[in-house]
Structures are given as structure tokens and as C-alpha cells.
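As a basis for the values below, the full set of heavy atoms in this structure was taken, side chains included, without hydrogen atoms, waters or symmetry mates.
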Number of protein chains: 2
Amino acid sequence: MAKNHTVTLKELSKKLNISVSTVSRALNDHPDISPITVDRVKRLANELNYVPNLFAKGFRTKKTNILGVIVPNVSHIYTTTILKGILDEAELSGYRVIISESKNDETKQVEMLQTMIQFGADGILMSLAKKTSSVNKILSMLQRVPLVLFDKVSDKIPCTQIVIDEEEAAYNAVQHLIGLGKERIAILKETENSYNSEKRFAGYKRALEANNIPLKEKLILSTEDISLINGKRLTNVLLSMKKRPDAIFAITDNAAIGAIQTLNKFSIKIPEEIAVVGFSNSASATIITPSLTTVDQPGERLGRTATTYLIKEIQNPIEDLVTKTIEIKTNLVVRASTFKG
Amino acid sequence: MAKNHTVTLKELSKKLNISVSTVSRALNDHPDISPITVDRVKRLANELNYVPNLFAKGFRTKKTNILGVIVPNVSHIYTTTILKGILDEAELSGYRVIISESKNDETKQVEMLQTMIQFGADGILMSLAKKTSSVNKILSMLQRVPLVLFDKVSDKIPCTQIVIDEEEAAYNAVQHLIGLGKERIAILKETENSYNSEKRFAGYKRALEANNIPLKEKLILSTEDISLINGKRLTNVLLSMKKRPDAIFAITDNAAIGAIQTLNKFSIKIPEEIAVVGFSNSASATIITPSLTTVDQPGERLGRTATTYLIKEIQNPIEDLVTKTIEIKTNLVVRASTFKG
DNA sequence: AACGTTCCCGCAAACGTTTGCATAGTTTTT
DNA sequence: AAAAACTATGCAAACGTTTGCGGGAACGTT
């Protein structure tokens, strides 16, 4: 404890009277080394509490065992569950994780990507910033280091991408509403044609179609920022219509909660008059009254599989880059906002 | 783009016909180098897009420019705001951040600490796992690398610690209740004498004392895990008393929300009959009806200051380790659960 | 004119590890 | 018994950077 010096290969070699290279190879289970030597080396290394200098190692081998993660916002609740999955899975395979935020800023996103590569990350996990339009720079990075996209992805970037099966999730949600006898189902979506919004909208349309319910333009409301306040605002719009909807499918829990709050304000019965379903299964979904039926997204699992794929690609690099999408199934959590028990 | 080779100091030196060491010094603004040379070097470096090999650098200087962060749980909402502060501040000073979870497990916590040090983190930011009892190993790590504790801290560990001024926050919260004319104020706290719980309890007691309100043992309820469900349970206990409290101070938003839910269930008027205040200003505080008065903890600021202190200590190491606590002020957000507007 | 300073710069070692190549000793093949 | 092949090990270079030391040139001081 007192002598604060670090044990190196050279030291081990001296103590054992063998060369540094033999020690190195023994520690790395190189086939050339005899079992007895391997044993002696490992035993001493253990005893002396040898820890390899990862910098010398990384410097030499150009491998760092670091995974870079770039997300728009670390404090987004769904993101954190994904992060948890990433951290866990990475740890299992002996990787460290460095995390940074793009803050939904495209230039910052590229910057982070660059510094992470410069820093020597063995691979990158990224969830794209909103409105990521110029993918050129990202593409040029791609040939330097394996990249796996998750959650917010883009088919303009040829790499493996892990997403929630948004379309089916939305389909199931709407199907659930239809099963309750609802027919005038409004949707609260995003104006920006983000990947997620588009997919959920597609699921909505497919469910209606499958039940021969005509699409009504008036019931399709869009907003720039699909937040709680805008959920309120759009619900007010819906309530001002002569023929009100009998259900609302909000693309986001926040918007759904906004909807519930304004419905409550006007004492409209949920779900009898208007049922509501959200998307995310956020913590607030059980806080609001009535509690919110919503799509549960297995963020942790998403994080895990994204990491698994990335590590696989790091360990045996693939030659031809091609978009490969893995979809993770969700399930609908039914609560009071659609079900009177 | 095509030639995928990395520019090194040697290359620059060759192109400029000067030695490698001069190039290195020029890039690092060493005073020995003439301004003209510095300019030439920097110009070329820029042109050739030179990026230093951080591994060679870290290997040589033993500095990695990495900060390690260890928290019990990344997906805890308050934690994420702290993380945001850390990430931002670290980036400003050119540090990368690696994050991992202790999952409130003491052995895992030590493990993570070790690997981070082994990995070469220049400093560590840590929020302690619950019931961290044996601090010996942590202490022995301490002399290897600067450590700053935040949020969950312990005075058994001599280092700088950044916390919310819990005591004052609680004092203000209770003072607020007293200001409304409340006198029988119950507190929902933790059984485990965690730092946070103790401090908040102390603030509670001080406020009562300052107003000459005698402490009533019956109104002090403790639970192992201060969660939403337990908030409900304890509130039921309170309601079963012959002389009910006229206010509840819950040490946690979750517990406060549980309290509100059971009060609502029994149609007890909030705040007229019983007022409620929580602690954290979580997202759910505005979702519940009535909205919850709660203590806002400036997590981002806490993260920033913790990082600032750590970096300061990295850059000029302090000799004598001593516990030094920095407290960050909070403010009370008054909402409907204590105020009838 | 001799000396002391100051200013720039280069040489070379060092950090801890990996790895191609050489080599000594041993076993197998011819 | 000589040649070939294999086994286990060592030598030394290499990775890219920083830095102590030394020294030549230019300048200023007597």
C-alpha cells in the first residue's frame, strides 16, 4: 500500500528470470508458451496485483475497449432506460462506455462523433439528432469505425439500426381502441416527418384500413413539438369540432397527458366519451387520473441488442455496409384511460 | 479521404524540415519556440488535419482527460439532470466522461472505482450506493486519484463533497406550511439514516422548534423504502389516527404523490384539510391533481459545480485530504397542494 | 575582444506493451 | 546419423509523444 509504484511486465519478467515478451505472451494465452510458464507468470501476476497499462496497450494495438454513445438528451427518461441496457451489456463484454449529448444539434453531433473517433472509441452507438439532414460527414466517419444507430435512425445511413417496431405498436394501440367500439379516432402527431412519427402514423392508418374505417383528415392533428402543452392545445381543437372524436391516440405520453388534462377540465368522461392512449409508458402514465393506457417500449432491451450488434461488428468487421434494421416488439399496457374495470 | 493514414508529429517535422521535438513544443505553445516556427507548424498541422494520438499522449503523460462518474442508477430522473451538468461542464474543459452504475451495490461500486482508475481516469465523481458502510477500500483508492462526492455523500470519506442544502430546503418547506397556519405537520421519512433523510428531518425539526411547535412522535413516520406505495401506506396510517395531521411533508416526491392519491381516494380536501409538500420537483409533480408543492433541486448546477471542483483538484492536486462540503441552495416551488389560488 | 546571456532548436531516451524474427534445444523423419 | 520440423523462448523494433539536456548562434556587456 505504501509503495505507490505500478507493476509492469518488465518487473514480472525480472522476478521470474524470463523475458518481457514471454510474460506478455503468457498473459495473453499465446499458444507458443508452455503451460508451466503460463502458470508461473499468471500466478505471480496475480500475487503482485498486476494490472496492464491500458494506455500502452491501446497505444500499441489501437484498440481501446471503449464504446461511444451519442444521444440527443441524456435526461430524457426513455433514453436513460436505453442507456442502462447499453451500460449493462457493455460491461458484460468488458467494454467501457463514454456518453455525450448532441443536444439535437447537427453540428455538435458531428463534432462528438469526431472526438470520439479521435479518442479511439472502438465503435459508436448513436441516436440521431432531430432533423439530421446532411449525413455526408457521418458517412465519411462510417468507414473509420463501426456504427450502430438506435431509436432515432435514418435509412440514408447504411449500417445496422435497432428500433422499436413503431408501426406495429401503433397498429395494436389503435386496434385496441377499435376493439372498444371506437370509430372516430383522432391522432396527435408530429409535423416534422421524423422516423418515429411517420411509423406510428402508418400503424394508425393500417389499423383503420384493416377495419374499414375511413381516414378523416380532420382527425389528424400535427404539431411541431409534440409536448404536453401542445397536447392540450390540440385537444382543445378537437373539442371545438361539431362532431367530436370518441378516442385520441397521442404519439407521445406527454401529449396524451395534456389531452387527459383538458378532457378533465371540461369534465368529459374518460374513456366513455373519449378514450385516450399514449406512447412510451412513462412514469407519469400512472400518476395522471385516469391512468394512461400506453405503449411500453422496452428501452433496456433495445440498448442491450444495439450493444450486442455493435460489439459483434467490432470483433468481426463486416465488409459491405448496408442498412439492416432490427425491430423490437412492444406491448400495450392497458389502464383506466381506455378501460372501465 | 482515400489515403487512410494518420498524420503524426514525425510527418509534420519532415515536411517542415525541423525536429519532432520542436513540432511537439510548438503545438503545445512551449516558450522556447520562436513565434514564426510556431506559426508555420500550426498552419501545417491545421492544413494536414493533424490530430494528436491521445493514447500516445496519455501513455506518456499519464493524463487521459477522462472523468469517471459512478452513480447508483442512471435512469433516476434527478440523477440525469446532474449528469447533464457534468457532461456540459466537462466538455467545456476538454474532458470526456465515462459513466457507470453501481446499482446500489457496494462491491460493484468498488469494482467500478478500480477499473476506472486502472483505465486511467484523471478523477472520479461519485454518488454513493445506499448503505455504503465499509469505506476502507474507497479510502485506499483516494490516494491514487482525486475524488469528488455528490448527492449521496459520507463524511467518513475525506474529500470535497457537493450536496443540496437539504436541511435548509426542508426547513423552508416546513416553514411554508407553518406560514399557512398548519400546526400538526407529519413527516414521511426513511428508516435508514441516509444522509439526505437525516438532513431533511433535521430541517423539519428546526422549523418546528423555531415556531415553538412541539415535536410529536406520532407524526414522524419512517419506512425502509420511501416510494409511492409506501407513501400511500403511511398516509393510511395517518388517516387512521384520531387526531389527524393538517399537513404532510414527504421527503420524496414519490411518497408525496402516494399521499395525495390516498387523500384523493378519501376525498380529503387538499390543501384545506391536509396540505402536502414533496421534495425533488419531479416531472410528475405537475401531473398529479392537485399539482404538488415541492423543493426544486438544481441538479444540473450541482453537476456543474462538482465537476468544476474535481477539475480544479486534478489540475492542482491538494496535499491534505479533508472533508469539505459545498451546499447548493434550493427553492420551493409552490403549487396547488399547499396553496388555494 | 573576450565573456556571459538569452533564444531556439535538436538529440535521444523514456513510457509499457506487442510482435516479427531469430535461436537454442528437442523431437521426428528420412 | 544427418536432416527436417517443431517447441519454447529471447531480442529488438515499433507505436507517437514528451522532455531533460546540451549546444550553436546571436546579442549585449565589460
Within the pair S19(B) and dC11(C), is there a side-chain N or O less than 4.0 Å away from OP1 or OP2? no
Less than 4.0 Å between a side-chain N and a carboxylate O, is that true for E91(A) and K108(B)? yes
Between I18(B) and K62(B), which is nearer to the 5' end of DNA chain C once each is assigned its nearest nucleotide? I18(B)
How do N17(B) and N53(A) order along DNA chain C: which one's closest nucleotide is nearer the 5' end? N17(B)
side-chain contact (heavy atoms from CB on, under 4.5 Å) between S102(A) and D105(A), worked out: CA-CA 6 Å; S102(A) 68; D105(A) 177 22; 5.8 Å; no
What is the distance, to the nearest angstrom, from the NE2 atom on H30(B) to the C1' atom on dC7(C)? 12 Å
In terms of heavy-atom contacts, does NZ of K137(B) have more than 12 from other residues, nucleotides or ligands at under 6.0 Å? no
Test side-chain contact (heavy atoms from CB on, under 4.5 Å) on Y78(B) and L302(B); report intermediate values, then the result. CA-CA 11 Å; Y78(B) 175 52; L302(B) 191 150; 3.6 Å; yes
Do D88(B) and K84(B) sit within salt-bridge range, that is, some charged N less than 4.0 Å from a carboxylate O? no
Can you tell me the distance, in whole Å, between the NZ atom of K10(B) and the P atom of dG10(C)? 16 Å
Using a heavy-atom cut-off of under 4.0 Å over every strand shown, decide if S21(A) touches base, sugar-phosphate, or nothing. base
Strand contacts (DNA chain C) in residues 31-43 of chain A, 4.0 angstrom heavy-atom criterion: none
Crowding at OH, Y309(A) (>12 non-hydrogen neighbours, <6.0 Å): no
Taking any atom under 4.0 angstrom from a heavy atom of chain B, which nucleotides of DNA chain D are the first and last to qualify, 5' to 3'? dG16(D) to dG20(D)
Atom of P72(B), atom of L128(B) and distance for their closest heavy-atom approach: CG-O, 3.6 Å
In whole angstrom, give the distance that lies between atom CG of L12(B) and atom P of dG10(C). 13 Å
Decide whether E106(A) and S134(A) meet the rule of one side-chain donor and one side-chain acceptor closer than 3.5 Å. yes
Got a salt bridge between K42(B) and D29(B), using NZ or NE/NH1/NH2 to carboxylate O under 4.0 Å? yes
Have a look at T61(A) and say if it touches a base, only the backbone sugar-phosphate, or nothing, with a 4.0 Å heavy-atom cut-off. sugar-phosphate
